Every structure is written in C-alpha cells, then in structure tokens.
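Here the structure is laid out as structure tokens; the discussion comes afterwards.
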Amino acid sequence: MNGTIAKAACIGGGVIGAGWVARLILHGVDVDVHDPSPDAERVVAEVLANARRSMPRLLDASLPVPGRLRFAASIADAVAGAGLVQESVPERLELKRAVLTAIDAAAPVDAIIGSSTSGLLPSDLQQGMAHPERLVVAHPYNPVYLLPLVELVGGQATTPDSLTRAQAIYTALGMKPVTIRREIEAFVGDRLLEALWREALWLVHDGIASVTEIDDVIRYSFGLRWAQMGLFQTYRIAGGEAGMRHFLHQFGPALKWPWTRLMDVPDLDEALVARIADQSDEQAAGLSVRELERIRDDNLVAIMRALAAQQGGRGWGAGELLRQQEAAMRSDTQAEPLRLLSGTVPTEWIDYNGHMTEHRYLEVFGNTTDALLAQIGVDAGYVASGRSYYTVETHIMHLGEARQGAPYDTTTQILHADDKRLHVFHQIRNSDTGAILASAEQMLLHVDARAQKAVAAAPDLIARVAALAQAHAHMPRPPAMGRHVGQRPG
Ligand SMILES: NC(=O)C1=CN([C@@H]2O[C@H](COP(=O)(O)OP(=O)(O)OC[C@H]3O[C@@H](n4cnc5c(N)ncnc54)[C@H](O)[C@@H]3O)[C@@H](O)[C@H]2O)C=CC1
Ligand SMILES: C[N+](C)(C)CC(=O)CC(=O)[O-]
C-alpha cells in the first residue's frame with residue numbers, strides 16, 4: 001500500500017508536535033499546525049531549523065521539495081483535507097479526549113488519526129469519538145525527525161485496515177512502524193525505558209552514582225551495543241558459542257537476587273529533584289537545550305550513517321532502513337534536478353545590506369557539490385586513494401535576496417558528464433516561496449591528486465554519474481547555461 005499523503009495536520013506543536021512537523025515537511029508533506037500557545041510558532045521554527053540542518057547530513061539522497069507550513073487558528077481549520085492528523089497535546093486523558101473528539105468531528109472521515117501519547121491506552125482515547133476506528137496510538141521517539149521508530153497500537157475500536165494504512169503512511173515518512181500486539185499502558189519502549197529510569201533514580205537517591213556517572217556507564221558500554229543490536233541479540237552473543245540458552249541459565253538466577261528496587265519509585269521530593277537538577281546543570285556545562293539538541297542530532301546522524309555503511313554498504317538495523325529510504329527517494333526524483341541540501345540562513349551570514357553576503361553563496365554551492373560527490377560515491381576512502389574531483393570553473397548569478405532565517409534548499413542538474421568531466425548547474429531556492437535566489441554553473445575535473453593531472457574516474461563512479469546525466473538529459477537546459485558576465489539578457 002502506498003502511504004504517500006499530500007497534507008497532514010499537527011495538533012500540538014511542542015517538543016514532539018514540532019518534531020512531527022519537521023519530519024512531515026522534510027518528506028514533502030504540507031502541514032497545518034494548531035497550537036494555542038504564543039510560543040508555538042517559535043518552537044516549531046527552531047525545531048524545524050535543527051531538522052533542516054541534520055536531515056541532509058543523514059541522507060545520501062536528495063530530499064523531496066519541502067512541504068509548506070501554516071499555522072491554523074482552530075482544530076477544524078487545521079485538519080481540513082488532511083490524510084493524517086497527529087495529536088501531540090500534553091499527556092492528560094481528559095484533554096486528549098476533548099482534542100481527539102474535536103479532530104474526529106472535523107477531519108475527513110478517511111483520515112488516520114495518530115496520537116503521540118507515550119502511555120495512555122488507545123481504547124481510553126477512543127471514548128466519545130464518532131469514528132474511533134481510525135484512531136491509532138503512533139508513539140514516536142524524540143527527536144521525531146531523526147529517530148525512525150513509531151510504535152503503533154490499536155484500541156478496541158481500531159480496525160485492522162486503519163492499522164495497515166497507518167503503517168503505510170509512517171513508512172512513507174521514512175519510519176519503522178512496529179505494531180504492538182496488544183494494548184498495554186506505556187507500550188513497549190517506555191516500559192523498558194522506565195524500568196531503567198526508576199533504577200537510575202534510586203542510584204542517585206541512594207548516593208551510589210551521580211547523574212554524569214550513570215550517563216557515562218550507559219554511553220560508554222551498553223548504550224553503544226543497543227544502538228546496533230538491541231537487547232536479545234546482544235545477550236545471545238554474550239552467551240558465547242553456547243548462545244542464548246546458556247546465557248539464560250548462567251545469568252537468569254541473578255534476576256531473582258534482591259538487587260533491584262524496580263518496583264518502588266523513589267519519592268521525588270524537593271531534595272531529590274534539586275540533587276538531580278543540580279547535577280544535570282553541571283553536566284550540561286552551560287550548553288542550551290538547542291545546542292544540546294544539535295550535538296545529539298550530529299551524534300545520531302553519525303551513528304546512523306555508520307550503520308548504513310555496514311554489510312558492504314547495504315546497511316544494518318536503522319542504517320539499513322536509511323539505505324531503503326534513500327533508494328525510494330532516488331527512484332522518486334531521478335527525472336528531476338537532485339535536491340541535495342536544505343538549511344536556514346543563519347544570522348552570521350547576513351551583511352551590512354541586510355541579506356546573505358556573497359561568499360556564503362559560494363559556500364552553499366560548494367557544500368552542494370560536496371553532497372553531489374558524496375551521493376555518487378566520492379567518499380573519504382575514495383579521496384584517500386588519491387583521486388577526487390576539483391572544481392575548475394564557477395559562474396554564480398545572484399537573482400534574489402536571502403534574509404536571516406529564510407529556509408533554503410538547493411537543486412542540481414547534471415548538464416554533461418564523461419569519464420573526467422562533470423558539468424553541473426546548481427540553484428538555491430527559498431523553500432517557502434520557491435523563488436530562485438542564485439544559480440551556479442560549475443565544471444569539475446576528475447584528478448589524480450598525486451600526479452596532479454586529470455584522469456578517468458573509477459568505473460563504478462562513471463556509471464553512477466552517467467546514469468544521473470542520462471536521467472537529466474531530457475530536462476530543459478537552464479537559460480543561464482553558458483552565460484558570461486556582461487551578457488545581455490535574452
Ligand atoms: N517529550 C517526549 O520525550 C515525548 C512525548 N511524547 C508524547 O507527546 C505528547 C506531547 O508531549 P510534548 O510534546 O513533550 O509536550 P509539550 O508540552 O512540549 O507540548 C504540548 C503542546 O501542546 C499544546 N497544547 C495544549 N493544549 C492544546 C490544545 N487544546 N490544542 C492544541 N495544542 C495544545 C501546548 O501548547 C504545547 O505546545 C504527549 O502525549 C507525550 O506523552 C511522546 C514521545 C516522547
Ligand atoms: C519521557 N517519555 C516517556 C515521554 C519518553 C517517550 O515517550 C519516548 C522517548 O522519546 O524516549
């Protein structure tokens with residue numbers, strides 16, 4: 001089933017709602033957001049900026065044309081024409097029921113309604129809905145725009161068809177839907193996380209370890225294992241040649257020793273809250289939430305890209321999913337210019353004229369060329385072998401103004417390619433308006449860096465470049481192609 005949707009509505013634009021907005025928009029879906037908070041537009045813009053920064057670094061494929069973003073004054077206005085309505089309001093049953101009833105009354109009857117709840121039962125959420133059959137819990141993980149998992153949970157009234165359609169919709173958004181077999185509070189992921197979280201709170205409460213020490217224990221050991229194999233497969237290996245059976249027999253009895261305080265929750269009194277909050281402040285060392293988010297995002301991108309490079313490039317786990325997503329994106333976009341980068345114009349790029357200063361255009365075009373080279377296979381290993389592409393000529397035309405905070409994306413048309421030459425035409429567009437801000441025509445030469453001369457590229461690379469050039473051969477040539485400085489228009 002093809003789960004592609006043109007428009008979605010996000011009801012609630014906080015931490016999770018904004019993450020959904022970013023994932024949807026960067027997958028080409030138009031989004032209407034409804035959130036009564038005066039901070040909502042700022043929060044969504046900031047989270048979207050972080051997503052725009054990290055998504056192109058994650059994928060070796062061009063992202064689709066971003067969807068457009070609109071803030072709606074009411075739930076009814078937001079959900080009109082939506083194929084998916086994602087509810088992400090605070091975790092209070094009565095509030096969620098009221099919001100879901102309002103969504104249900106106004107959304108198209110075939111729209112899927114996904115609730116981001118991290119623990120409430122879908123059957124409880126369905127109370128009062130006229131069409132409860134299309135409600136599913138769709139529980140994501142933060143940051144929603146990077147982490148692929150979405151737990152799908154149906155309630156008593158949810159139909160199998162709705163679960164199947166929800167699976168298809170979230171899959172088309174590059175996610176990994178896992179349908180939970182029976183509804184239970186907190187589903188699967190949060191049950192596991194909260195067991196660890198309770199134990200960790202006790203360790204701080206009892207003065208056994210600090211917040212930083214506990215985080216170090218996790219991130220230098222089993223945190224790394226979990227990212228690539230989860231729990232059971234990791235323990236299977238830990239059982240040695242005798243495997244899982246041996247592991248269970250050896251370590252199973254220890255589970256009954258009275259180590260754990262898992263069933264108790266420490267009283268989160270002011271003293272314990274202050275201890276944890278103070279230690280956490282010290283650990284953050286003055287970094288803001290947005291700065292920490294960017295560090296987290298860069299680390300997640302690096303981990304997922306490392307997983308994508310495994311198994312001879314087929315990828316493993318979350319990395320294999322990334323490879324599948326890239327393949328789907330390439331087949332969607334091959335007959336169009338490649339979409340290689342997107343971002344937001346930062347304050348430090350603005351000059352005394354109040355718009356993006358000229359050398360930043362070359363930076364964006366240079367980064368676009370790097371993204372193109374990465375896509376065709378010029379990676380660190382290729383460059384280390386002494387071969388690379390050098391840019392030998394660039395002609396930039398400035399066509400519009402890029403103001404601070406403006407979202408932009410870049411496109412690339414391959415004009416010509418042979419075994420040594422790569423002739424490309426890049427454009428920078430304003431992602432909101434579609435206006436072309438600048439173009440750059442570039443000629444690149446494939447070189448042997450040690451011999452300092454142009455040589456033929458590796459055969460697999462030539463094949464990839466040729467396939468792109470062939471796909472682009474039928475596209476109209478850009479009117480600015482071959483233009484020189486001082487030429488009369490037309
Ligand atoms: N924060 C997290 O790590 C995760 C949270 N979740 C779930 O996502 C949901 C939202 O949580 P967060 O984003 O963390 O909360 P949040 O507090 O950051 O955002 C909630 C947003 O809902 C808005 N809101 C309140 N009433 C509304 C209404 N009547 N209509 C529209 N918007 C309304 C608020 O203004 C706020 O912006 C919860 O159900 C939570 O359990 C799921 C996964 C992870
Ligand atoms: C804290 N939380 C229970 C809301 C967390 C989640 O639901 C998932 C996550 O992102 O860890």
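As the structure lists them, so they are numbered: ligands from 1, and atoms in each ligand from 1. Keep in mind that what you see is a predicted model, and the values were worked out from it rather than measured.
- Distance from atom 9 (C) of ligand 2 to its nearest protein heavy atom, with residue and atom name: Tyr141 CD2, 3.4 Å.
- The closest side-chain donor-acceptor pair between His27 and Gln325 falls under 3.5 angstrom.
- The shortest N or O to N or O distance between Asp190 and ligand 2 is under 3.5 Å.
- By the criterion of a heavy-atom distance under 4.0 Å, neither the backbone nor the side chain of Glu91 is placed next to ligand 2.
- With a 4.0 Å cut-off on non-hydrogen atoms, Asn142 touches ligand 2 through its backbone as well as its side chain.
- Considering backbone and side-chain atoms alike, Glu194 places every N or O at 3.5 Å or more from each N or O of ligand 2.
- There is a side-chain donor-acceptor pair under 3.5 Å between Thr117 and Glu91.
- Aromatic ring centres of His139 and Tyr141 lie closer together than 6.0 Å.
- Each of the atoms 11 (O) of ligand 2 lies under 4.0 Å from some heavy atom of Leu193.
- One finds a salt bridge joining Arg165 and Asp161 here, because a Lys/Arg side-chain nitrogen approaches an Asp/Glu carboxylate oxygen to under 4.0 Å.
- Heavy-atom contacts from other residues, nucleotides or ligands closer than 6.0 Å to CD of Gln156 number 12 or fewer.
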Going by atom type alone, with no hydrogens or angles, which donor-acceptor pairs under 3.5 Å involve a side-chain atom of residues 217-226 and a protein atom two or more places apart or on another chain?
{"residue": "Arg219", "atom": "NE", "partner": "Asp216", "partner atom": "OD1", "Å": "3.0"}
{"residue": "Arg219", "atom": "NH2", "partner": "Asp216", "partner atom": "OD1", "Å": "3.1"}
{"residue": "Ser221", "atom": "OG", "partner": "Val217", "partner atom": "O", "Å": "2.4"}

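- Taking Glu293 as the reference, Arg290 meet the salt bridge (charged side-chain N to carboxylate O under 4.0 Å, His left out) condition, with sequence neighbours excluded.
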With a cut-off of 3.5 Å and sequence neighbours excluded, list every side-chain donor-acceptor pair involving residues 181-188.
{"residue": "Glu183", "atom": "OE1", "partner": "Ser123", "partner atom": "N", "Å": "3.1"}
{"residue": "Glu183", "atom": "OE1", "partner": "Ser123", "partner atom": "OG", "Å": "3.3"}
{"residue": "Glu183", "atom": "OE2", "partner": "Ser123", "partner atom": "OG", "Å": "2.3"}

Which protein N or O atoms sit under 3.5 Å from any N or O of ligand 1? Give atom names and distances.
{"residue": "ligand 1", "atom": "13 (O)", "partner": "Val15", "partner atom": "N", "Å": "3.3"}
{"residue": "ligand 1", "atom": "13 (O)", "partner": "Ile16", "partner atom": "N", "Å": "2.9"}
{"residue": "ligand 1", "atom": "18 (O)", "partner": "Val15", "partner atom": "N", "Å": "3.0"}
{"residue": "ligand 1", "atom": "35 (O)", "partner": "Asp35", "partner atom": "OD1", "Å": "2.7"}
{"residue": "ligand 1", "atom": "35 (O)", "partner": "Asp35", "partner atom": "OD2", "Å": "3.4"}
{"residue": "ligand 1", "atom": "37 (O)", "partner": "Asp35", "partner atom": "OD2", "Å": "2.6"}
{"residue": "ligand 1", "atom": "39 (O)", "partner": "Val89", "partner atom": "O", "Å": "3.4"}
{"residue": "ligand 1", "atom": "39 (O)", "partner": "Glu91", "partner atom": "OE1", "Å": "2.5"}
{"residue": "ligand 1", "atom": "39 (O)", "partner": "Lys96", "partner atom": "NZ", "Å": "2.6"}
{"residue": "ligand 1", "atom": "41 (O)", "partner": "Glu91", "partner atom": "OE1", "Å": "2.9"}
{"residue": "ligand 1", "atom": "41 (O)", "partner": "Ser118", "partner atom": "N", "Å": "3.3"}
{"residue": "ligand 1", "atom": "41 (O)", "partner": "Ser118", "partner atom": "OG", "Å": "2.7"}

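- Of the protein's non-hydrogen atoms, the one nearest atom 4 (C) of ligand 2 is Ser118 OG, 3.6 Å.
- For Gln250, the CD atom sits in a packed shell: over 12 heavy atoms of surrounding residues, nucleotides or ligands are nearer than 6.0 Å.
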